[in-house]
Amino acid sequence: MSQAGGGRGCGSSVPPRAPWSLVAATAALCLVSATSVWTAGAAPMSREEKQKLGNQVLEMFDHAYGNYMEHAYPADELMPLTCRGRVRGQEPSRGDVDDALGKFSLTLIDSLDTLVVLNKTKEFEEAVRKVLRDVNLDNDVVVSVFETNIRVLGGLLGGHSLAIMLKEKGEYMQWYNDELLQMAKQLGYKLLPAFNTTSGLPYPRINLKFGIRKPEARTGTETDTCTACAGTLILEFAALSRFTGATIFEEYARKALDFLWEKRQRSSNLVGVTINIHTGDWVRKDSGVGAGIDSYYEYLLKAYVLLGDDSFLERFNTHYDAIMRYISQPPLLLDVHIHKPMLNARTWMDALLAFFPGLQVLKGDIRPAIETHEMLYQVIKKHNFLPEAFTTDFRVHWAQHPLRPEFAESTYFLYKATGDPYYLEVGKTLIENLNKYARVPCGFAAMKDVRTGSHEDRMDSFFLAEMFKYLYLLFADKEDIIFDIEDYIFTTEAHLLPLWLSTTNQSISKKNTTSEYTELDDSNFDWTCPNTQILFPNDPLYAQSIREPLKNVVDKSCPRGIIRVEESFRSGTKPPLRARDFMATNPEHLEILKKMGVSLIHLKDGRVQLVQHAIQAASSIDAEDGLRFMQEMIELSSQQQKEQQLPPRAVQIVSHPFFGRVVLTAGPAQFGLDLSKHKETRGFVASSKPYNGCSELTNPEAVMGKIALIQRGQCMFAEKARNIQNAGAIGGIVIDDNEGSSSDTAPLFQMAGDGKDTDDIKIPMLFLFSKEGSIILDAIREYEEVEVLLSDKAKDRDPETENEEQPSSENDSQNQSAEQMTPGSQEVELVDQESPEDSVLSSHPESLSPADTDSAANASPSEQNPNPTENHEPTSPDGECTDLDDNQLQEQSETEEEPPPSVGWGKKAQPIDSILADWNEDIEAFEMMEKDEL
């Protein structure tokens, strides 16, 4: 998501009800003047180096945009691995992700104002002509109201804003006569039927041709929408009203925001993630600043900036106070329950919250912005990219990374606010990682798994709309941009809307008289207009001093425990016992357990049971340590269960012209060479004959010393492996015989043995779905000699074999090692609790056997349950398969039994009695949230 291009003004503060003329006059000053303040923590970057990096961003944009126009246009998005366009209905469904696609050349529209920011005015003029000539907004397709608003309506309005700016300058767009605005107005009217609800909240989806609830519309039966989906409309709809004079758009968007505000939880002033659009009841009652809510908060503040309505500022400040009171646990931002905000709702964070430091910059609250941004940067340095979700101890929770721009956005705004060259180095790292790990011959590919470096065949439109815009602005000087960026505000998709709209067509009443602003503290407005002298009080090392304690935070496994350990050392007492250090035979450990109110019971069946009675703890601090110990034990148990599954592997094409830039997600085998323990296998590929590999090969000379390609089916995987090994192959790749199957839409699985001793198989074996396998087969047809690397994760590319036209920065950074999983032999699971005040754990040895796998799921990807929280383990005649979809790495102990409350970082520690009293009541909410997807 995105922050504003202009600040609120400088000085001590702008009063919350200041005349808008004052606000508009000062809106662009704050971030501009802030750039003169920089800390001594990093050496200034030379003008030449900034220009070099800026030019590199331009080249990267040309690579992405050029390949989209060549291989995909007029399709909505580019599929960079297969070099073709993604057309709705012609590719396997990806579920809700595809709701952004409406057969309206999405990437081109989303990229319009990026072309102008990057000073590509000729290309912009050509792109506008293409949009007007080719784009049809009357397609029979169901689209997301939210995505269509921020990407298409916002893209058209941003393009119109800069088109009229260029026309006024007199060189380009002289023929332009508001054609993009007329398209935006047409689209706006197509979206209005979605608001036909009693609450005023829009339906989440609409048919562009038939609207809502008609039989042919195929939509209109939904009852729920996310808060961000309903609350991220005001900027685009108000701008459309201000540009055209048609007030209906702003009225509808305001009504939706008013309803969300009225439905906030009054005691906590927080909103939930999902709401019923008819009744206004909260469906999901957890609250955070990430997926599902993020841009709602963003648009409240930016609506005040763009429209000058102080009621939006009052609402934002009320929410912000609640966020900092309950959700913020620096440097973490953890979801809580709206009714019990002292109780954490999750033990993980999602990548979308990376926008929040940038919003805090606009708010003027710099310290927590620096802290959270630095924590996120440490995660990126560990994994090269920000995983879709990661735990409070910074392990990967969901391993995908669809090239999201939010972190780059916050980096840009922190640099604007501080002038600290440290953030230029952060931006340089982002450029290097994109070129090194995501760049492919036909564009940039999303990461399927940040741990292995495998790719996904997608390049979302927001990558061109936002990522390159923020990176270029980060390194650009004012003279590098052909217009004053401070005269505009960024939407959540980084589209540009002019600030002068605040004084145009003001037919809407600014004050919401139906809302009551309760529990407001005047201190909420202290940071309305940040002053750099206040932000950096006579200390040039201000930002560095905030970042420094967080440098190694990602390497710590339990942040809350670290604080307690430090406190223990200062007080001279022993640190609390950690679950990973516990030994049931250690008398000292048993004594510590007793002090924490934890009892250890040896059961007759050999299991060991742990039971906690908080009231039996020596003190409230010991009881809190006991709860933390029990939670750690549950998480340790869950992790050990997960580790019995093998992680995905990587097939990397390293020969010309790929040079390691194409990485395919591969399923592992439970037999043969373990690539996580041995050196990777590299070799040319050759197809076996027979192709199914189920009998002695008739072409042993072709596969001798090579990696054999074999087709799935007709015999066991182990039999195939033995046949190619006997022919002299050094490895094997099994390609799925189910045409069209893909790791994008189906969970990965591991190939099991045949029930016999497989120690005789010495070569590595990997599995590719049909789509990924076709990439290798197509390469063989085109280039004949294709060399691949089989490994546990993608390897750094060889700079000596890289094509010379590849940017040199691709080789500047080293690949961070991905997380490795080692199998565990002991499982710890929850058993029934005796009372809400008791925590019970039992432990017993248990091994994973093939008999435990699901034998009923021999289905195509389209037939498999897409719910990533349910374990479906596909099998086939080839052998038994274990589901490895990373989205399924949920903590089983939390989804199946009553979980303990998670413990965050220490400044807002919750009283133990309150935790225990609320525990039982929140079990159902915990279980529901653990099953939800982003």
Side-chain angles (χ1 to χ4, degrees), residues 2-7 20 23-29 31-32 54 58 61 65 108-132 135 150-185 187-188 235-245 302 305-308 412 416 464-466 468-470 472-473 476-505:
S2 311
Q3 288 17 285
W20 180 241
V23 176
T26 60
L29 298 179
L31 291 181
V32 175
L58 293 176
F61 174 82
Y65 181 76
L108 181 62
I109 292 177
D110 224 0
S111 304
L112 287 177
D113 50 8
T114 303
L115 289 165
V116 182
V117 172
L118 272 56
N119 201 13
K120 297 180 178 293
T121 47
K122 291 182 179 179
E123 291 89 338
F124 172 73
E125 193 158 4
E126 294 173 2
V128 172
R129 292 185 185 276
K130 282 185 170 66
V131 169
L132 299 179
V135 173
I150 66 172
R151 300 201 205 189
V152 185
L153 183 58
L156 292 171
L157 292 173
H160 170 69
S161 299
L162 297 189
I164 59 178
M165 178 274 297
L166 290 173
K167 184 177 182 179
E168 290 175 358
K169 286 182 175 289
E171 183 176 356
Y172 296 98
M173 303 300 293
Q174 295 305 300
W175 55 269
Y176 182 71
N177 192 29
D178 294 350
E179 288 87 351
L180 290 178
L181 180 60
Q182 295 310 310
M183 288 185 68
K185 187 176 181 180
L187 180 60
L235 292 189
E236 292 84 0
F237 272 49
L240 183 57
S241 287
R242 303 296 175 98
F243 273 129
T244 64
K302 290 185 177 181
V305 175
L306 182 64
L307 306 178
Y412 164 64
K416 291 287 287 183
L464 285 85
E466 301 184 65
F468 296 114
K469 194 175 292 175
Y470 288 125
Y472 182 76
L473 290 173
D477 290 329
K478 191 170 184 178
E479 56 269 25
D480 296 328
I481 308 172
I482 62 175
F483 63 98
D484 190 351
I485 197 73
E486 306 298 344
D487 289 339
Y488 297 81
I489 189 172
F490 285 109
T491 70
T492 195
E493 190 79 2
H495 293 307
L496 295 167
L497 300 176
L499 290 172
W500 53 257
L501 288 175
S502 62
T503 58
T504 303
N505 293 322

### Message
Minimum heavy-atom separation for K167 and Y176, please, with both atom names.
### Response
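Taking K167 first and Y176 second, the nearest heavy atoms are NZ-O, 2.6 Å.
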
### Message
If you compare all heavy atoms of L464 against all heavy atoms of S111, which two are closest, and at what distance to 0.1 Å?
### Response
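Where L464 meets S111 most closely, the heavy atoms are CB-OG, 3.4 Å.
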
Return the [atom1] to [atom2] distance between [X] and [Y], rounded to the nearest 0.5 Å.
X: M173; Y: E168; atom1: CE; atom2: CD; answer: 12.5 Å
X: D487; Y: L497; atom1: CG; atom2: CG; answer: 13.0 Å
X: M165; Y: I482; atom1: CE; atom2: CD1; answer: 5.0 Å
X: L115; Y: E126; atom1: CG; atom2: CD; answer: 9.5 Å
X: L306; Y: L499; atom1: CG; atom2: CG; answer: 6.5 Å
X: R151; Y: E236; atom1: CZ; atom2: CD; answer: 12.5 Å

Is there a side-chain contact between [X] and [Y] in this structure, where contact means two heavy atoms from C-beta onward sitting under 4.5 Å apart?
X: Y472; Y: T114; value: no
X: F124; Y: L166; value: yes
X: L235; Y: L307; value: no
X: K120; Y: F61; value: yes
X: I150; Y: T492; value: yes
X: V128; Y: L112; value: yes
X: L156; Y: I109; value: yes
X: E466; Y: F490; value: no

Under 3.5 Å: donor-acceptor pair, side chain of [X], backbone of [Y]:
X: S502; Y: G308; value: no
X: Q174; Y: Y172; value: yes
X: K469; Y: A494; value: yes
X: K130; Y: L108; value: no
X: K185; Y: L181; value: no
X: D113; Y: L496; value: yes

### Message
Would you call the rings of F243 and H160 parallel, tilted or perpendicular, taking 30° and 60° as the class edges?
### Response
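Aromatic pair F243/H160 classed perpendicular.
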
### Task
Give the ring-plane orientation class for Y488 versus F483, where under 30° counts as parallel, over 60° as perpendicular and anything between as tilted.
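Geometry flag for F483 against Y488: perpendicular rings.
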
### Salt-bridge contact K478-E486 (side-chain N to carboxylate O under 4.0 Å)
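So K478 does not pair with E486 through a salt bridge.
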
### Task
Test I481 against L473 for side chain to side chain contact (heavy atoms under 4.5 Å, CB included), laying out the working first.
CA-CA 8 Å; I481 308 172; L473 290 173; 3.2 Å; yes

